Amino acid sequence: MATLELFNTLSGAIEPLLPVGAPDLRMYCCGPTVYDYGHIGNFRTFLHVDVLRRFLRQGGIPVKHVMNITDVDDKIIRNAATHGMSIGSYSRKFEDAFFEDLDALGIERPEHIPHATEFIPEMVSLIEELGRRDMAYQAEDGSWYFRVANDGSYGKLSKKDLAHIEDGARVDVDEEKDAARDFALWKAVKGNEPQWETPLGPGRPGWHIECSAMAGKLLGPNFDLHAGGEDLMFPHHENEIAQSECATGETFARHWMHVRFLLVEGRKMSKSEGNFFTLRDLLLKGHRASAIRFLLLSVPYRNQMNFTFDGLTESTHAIERLRTFHQRMVKGGFAAGRDAAIGDLTHKAETDFTAALVNDLNTAGARAAIFDLVRAANSAADAGVLRGENASEILDVLAKFDGIFAVLQDRDAELTRAALAWAEKEGRLNEADPDLLATLAFSDAEIDALVAERTLAKRQRNFARADAIRNELLAKGILLEDGKDGVRWKRK
RNA sequence: GCACCGAUGGCGAAGUGGCUAACGCGCUGGUCUGCAAAACCAGUAUUCAUGGGUUCAAAUCCCAUUCGGUGCUCCA
């Protein structure tokens, strides 16, 4: 397979991404700070990183992927206090929720998931090394800061005009720091906040040093790729580079991938705009996990994407079509043999699919290649030209597609039920869509009984009664489909 | 204020110098059906925000304008 060509923020150019110095591709992706439930903007980033790792592995490149969990920070401390919970149990709760959400969205687990609080000694030695190299200093209150002025290459990732930032009115003036843009490596303890006794003095780590310590420990001083949301580019990633490279003298990550922001209904997602959604919010409204995944992947990672409810409906329909087509191929019943023209189209779809992803992970293009195949194959099947061997070749291509997009297997109902069970436990069932609840409250047995009655009515050509039952079920969100093999029903 | 990104059909969106501007959804028509639904098929932008320029050739490059978004501060 051709080598993936991925945009590199550091160089500003599209470059091949290959493992260097190790058989597997070593990558680090900034994980969540577990202070609340994840929102769909968070998941857009993790979803696109998931596509990256799935595609690399599909191309035969093993991946060593590290994603951290920030389990101590100001927001966790604040929220835990207001909920009367310990820091540990509070962050644990949201970490568990985060992984449930990743599973619901079909996001694979990284190979390593380190917790910030487990790497305090590594952070301390990193800061000590920076101190020895005159890149860090301790302020009067005991906090440690990074001395930006001594780092000649500071700003190389975000290409900031540093002089301008220094003049900026929005940088807080901190009495403790030597320079406004110096950033905290180690925070001296305040009050009874969580703290660690270390050679640096008592305190807790700054945010940026966590990632440098964990990436350095698990991936080595230099590695292949560092990924994250675009907002992390500055200052977080810039600071990671500064700390790591000044301490080790080596290039930190060679390749940097940034996923662009998500808009919701055309505006930046924010609680005050009323367009802030967690994954759980959407599941409770009756949207399917698969549709959310598919929609968030439908726009390539480097483009800003507008998340809308119309888009969610569209994705739901698109997935239905793909699943129906997949079932048609699985079911088979085609004449033996192979049609050469369909075989060529199948091969072209596969080639186009891979070519799109090789080209800076063009997920929209990859999707289009598969829909081309769906249309061509359906036409061929309708015309009776599609043969058994064609179907199995097509299934291979669909497997390749689903190895990246992961939407063909229908786990949606199960995931929605899980979300409802969670809402019930949290006393938030009132946030669920009433229609969704009504539909789920209707038992399968009740539905089956009505469907049977309707089938009987139809056989007696009592269409008025049959249609009345169909409408009654429809009003409760149950759709009936009369197929050749009997009646199929599904919840809307 | 400074910096950066974007503007493609009803909606979402690919395409970044050269065949009829992908693909999805929607819509319209058709097949199927007792009628529907579902599924499938077909059709659906002479044109790429606006104005100028470069070129044999521009949605694609350059300049200006308008609008939208983002960063500079915790944020995926």
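Chain naming here is simple, since letters A, B, ... match the order of the sequence lines and numbering starts at 1 in each. Treat the numbers as computed from the prediction; the structure is a model and nothing was measured.
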Using a 4.0 Å heavy-atom cut-off, does A:His258 contact any base of the nucleic acid, only the sugar-phosphate backbone, or nothing at all? nothing
Is there a side-chain contact between A:Glu350 and A:Thr346, using heavy atoms and a 4.5 Å cut-off? no
Give one of base, sugar-phosphate or nothing for A:Asp74, where a contact means two heavy atoms less than 4.0 Å apart. nothing
If you look at every strand shown and take non-hydrogen atoms under 4.0 Å, does A:Gly41 touch a base, only sugar-phosphate, or nothing? base
Can you list, pair by pair, the side-chain donor-acceptor contacts under 3.5 Å of residues 460-467 of chain A, counting residues two or more places apart and other chains?
from	atom 1	to	atom 2	distance (Å)
A:Asn462	OD1	A:Arg465	N	3.3
A:Arg465	NE	A:Glu453	OE2	2.9
A:Arg465	NH2	A:Glu453	OE1	3.4
A:Arg465	NH2	A:Glu453	OE2	2.8

Remember a base hit wins even if backbone is also touched, and classify A:Asp467 as base, sugar-phosphate or nothing at under 4.0 Å, heavy atoms. base
A:Arg470 (side chain) and B:C35 (base): donor-acceptor pair under 3.5 Å: yes
How far apart are the C-alpha atoms of A:Thr308 and A:Asn306, what are their side-chain angles, what is the distance that settles it, and do they pass the side-chain hydrogen bond (donor to acceptor under 3.5 Å, both in side chains) test? CA-CA 6 Å; A:Thr308 66; A:Asn306 184 14; 5.9 Å; no
Could you check whether A:Leu479 gets within reach of a base, just the sugar-phosphate, or nothing at all, counting any heavy atom under 4.0 Å? nothing
Classify the nucleic acid contact of A:Asp310 as base, sugar-phosphate or nothing, counting any heavy atom under 4.0 Å across all strands shown. nothing
With a 4.0 Å cut-off on heavy atoms, is A:Pro300 in touch with a base, just the backbone sugar-phosphate, or nothing at all? sugar-phosphate
Does A:Leu295 reach a base, just sugar-phosphate, or nothing at all? Heavy atoms under 4.0 Å. nothing
Start with the C-alpha gap between A:Glu108 and A:His65, add the side-chain angles, then the distance that decides, and say whether side-chain hydrogen bond (donor to acceptor under 3.5 Å, both in side chains) holds. CA-CA 10 Å; A:Glu108 294 180 344; A:His65 175 188; over 6 Å; no
Answer with base, sugar-phosphate or nothing: what part of the nucleic acid does A:Lys458 contact at a heavy-atom distance below 4.0 Å? base
Assign A:Phe463 to base, sugar-phosphate, or nothing according to its heavy-atom contacts below 4.0 angstrom with the strands shown. base
Counting only Watson-Crick or G-U wobble pairs whose two distances fall under 3.5 Å, which nucleotide matches B:G43? B:C27
Stacking of A:Phe261 on B:A76 base (centres under 5.5 Å, planes under 30°): no
Categorize A:Val259 for me: base, sugar-phosphate, or nothing, with a 4.0 angstrom heavy-atom threshold over every strand shown. nothing
